[in-house]
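First the structure, in the form of structure tokens, and then the observations on it.
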Amino acid sequence: GLIYEVIGENKVKIVQCIKDYPEIEVPEMVTNNNEVTYQVTSIGTKAFYGLTKLQTLFIPNSVREIGNYCFESCSALNSVILSDNLRFISSGMFKNCTALINVNLPDSLVSIRHGAFSGCKNLTSIQLPEGMKEIEDYAFAGNDISTISIPSSVKTIGRQAFDSNNAKTLTPRPGLA
């Protein structure tokens with residue numbers, strides 16, 4: 001159900017998911033018909049866009065980059081295990097994933113990009129890793145996050161990053177108030 005594109009020597013990117021399953025585990029390695037093995041290192045823009053059955057997603061540590069709006073509008077997606085090697089949550093990556101309640105953010109994370117989790121109305125809490133530097137505009141807009149702690153490593157928080165949330169407790173890092 002996954003379509004790949006060769007992007008380098010022994011490396012591929014997932015460009016599209018054409019089969020909507022309740023659970024998808026992205027493979028670390030794939031082998032083509034010529035028996036050449038490739039490492040899956042990235043997932044392209046909108047590759048899983050709008051899948052309505054997808055509930056659980058596992059992304060292996062071989063994946064270092066995920067394109068913008070990759071999982072946008074996956075309406076049943078509620079749990080995601082991300083690669084430990086991601087540095088960015090790309091723009092709109094989980095936008096309008098209305099069932100999303102659980103995402104593990106890797107310690108390698110540096111930035112959550114524009115609108116990455118906007119419209120995830122069932123996302124009530126999220127643990128931001130120490131070492132993160134940036135939360136861009138509208139990153140968590142339109143969620144139901146009630147408690148969030150901003151790590152001391154965060155230097156920039158964009159406009160309306162937490163707009164329309166139910167935040168009862170927002171703990172900023174010292175000097176960011």
Can you tell me how far CG of L86 sits from OG of S42, rounded to the nearest 0.5 angstrom?
-> 10.5 Å

Check whether any side-chain N or O of S164 sits under 3.5 Å from a backbone N or O of G142 as a donor-acceptor pair, and report yes or no.
-> no

Indicate if Y49 and I18 have the same hydrophobic cluster label, given that clusters are the connected sets of ILVMFWY residues with side-chain heavy-atom separations under 4.5 angstrom.
-> no

Determine yes or no for a side-chain-to-main-chain donor-acceptor pair under 3.5 angstrom, with S90 supplying the side chain and G67 the backbone.
-> yes

Just checking, any donor-acceptor pair under 3.5 angstrom between side chains of E65 and T41?
-> no

Just by distance, do the side chain of D20 and the backbone of L54 share a donor-acceptor pair under 3.5 Å?
-> yes

For the student: nearest non-hydrogen atoms of F48 and I24, plus distance = CE2-CD1, 3.9 Å

Side-chain ion pair, D137 and R159, N-O less than 4.0 Å = yes

Test log, rule side chain to side chain contact (heavy atoms under 4.5 Å, CB included), inputs I7 and V12 | CA-CA 5 Å; I7 57 170; V12 292; 5.5 Å; no

Answer with yes or no whether the hydrophobic clustering places L105 together with F94; edges join I, L, V, M, F, W, Y residues whose side-chain heavy atoms lie under 4.5 Å apart.
-> yes

Which atoms form the tightest heavy-atom contact between S152 and E130, and what is the distance?
-> OG-OE2, 3.0 Å

Spacing of CD belonging to E9 relative to OH belonging to Y38, to within rounding of 0.5 Å | 10.0 Å

For D144 and K121, indicate whether the former's side chain and the latter's backbone hold a donor-acceptor pair under 3.5 Å.
-> no

Is it true that I59 and F88 fall in one hydrophobic cluster, defined by side-chain heavy atoms closer than 4.5 Å?
-> no

Under a 4.5 Å side-chain heavy-atom rule over Ile, Leu, Val, Met, Phe, Trp and Tyr, are V15 and I66 clustered together?
-> no

Kindly compute the distance separating CD1 (I145) from OG1 (T124), expressed to the nearest 0.5 Å.
-> 8.0 Å

Non-hydrogen atoms of A47 and I14 that approach each other most closely | CB-O, 3.9 Å

Mind listing the closest non-hydrogen atom pair of I150 and F162 along with its distance?
-> CD1-CZ, 3.9 Å

Does any N or O in the side chain of S108 come within less than 3.5 Å of the main-chain N or O of D84, such that one atom is a donor and the other an acceptor?
-> yes

Verdict with supporting geometry, K95 and Y69, side chain to side chain contact (heavy atoms under 4.5 Å, CB included) | CA-CA 7 Å; K95 182 177 181 182; Y69 306 99; 4.3 Å; yes

S62 side chain to V40 backbone, donor-acceptor under 3.5 Å | yes

Supply the atom-to-atom distance I101 CD1 to N122 CG, rounded to the nearest 0.5 angstrom.
-> 7.5 Å

Do F117 and V154 sit in the same hydrophobic cluster, where Ile, Leu, Val, Met, Phe, Trp and Tyr count as joined when their side-chain heavy atoms come under 4.5 Å apart?
-> yes

Supply the atom-to-atom distance F71 CZ to C17 SG, rounded to the nearest 0.5 angstrom.
-> 9.5 Å

Please round to the nearest 0.5 Å and tell me the distance separating atom CG of N10 and atom CD of Q39.
-> 9.0 Å

State, to 0.1 Å, how close A99 and N78 come at their nearest heavy-atom pair, and which atoms those are.
-> O-CB, 3.3 Å

Taking every heavy atom of S83 against every heavy atom of P60, the minimum-distance pair comes out as CB-O, 3.0 Å

Flag side-chain contact, heavy atom, 4.5 Å: L128 against I135 | yes

Under 3.5 Å: donor-acceptor pair, side chain of E136, backbone of H114 = yes

N104, L57, V26 screened by side-chain contact (heavy atoms from CB on, under 4.5 Å) with I81, the one that passes = N104

Run the side-chain hydrogen bond (donor to acceptor under 3.5 Å, both in side chains) check on Y138 and Q160 step by step: do they pass?
-> CA-CA 5 Å; Y138 305 100; Q160 298 179 311; 2.6 Å; yes

Is there a donor in the side chain of T31 and an acceptor in the side chain of T37, or the other way round, less than 3.5 Å apart?
-> yes

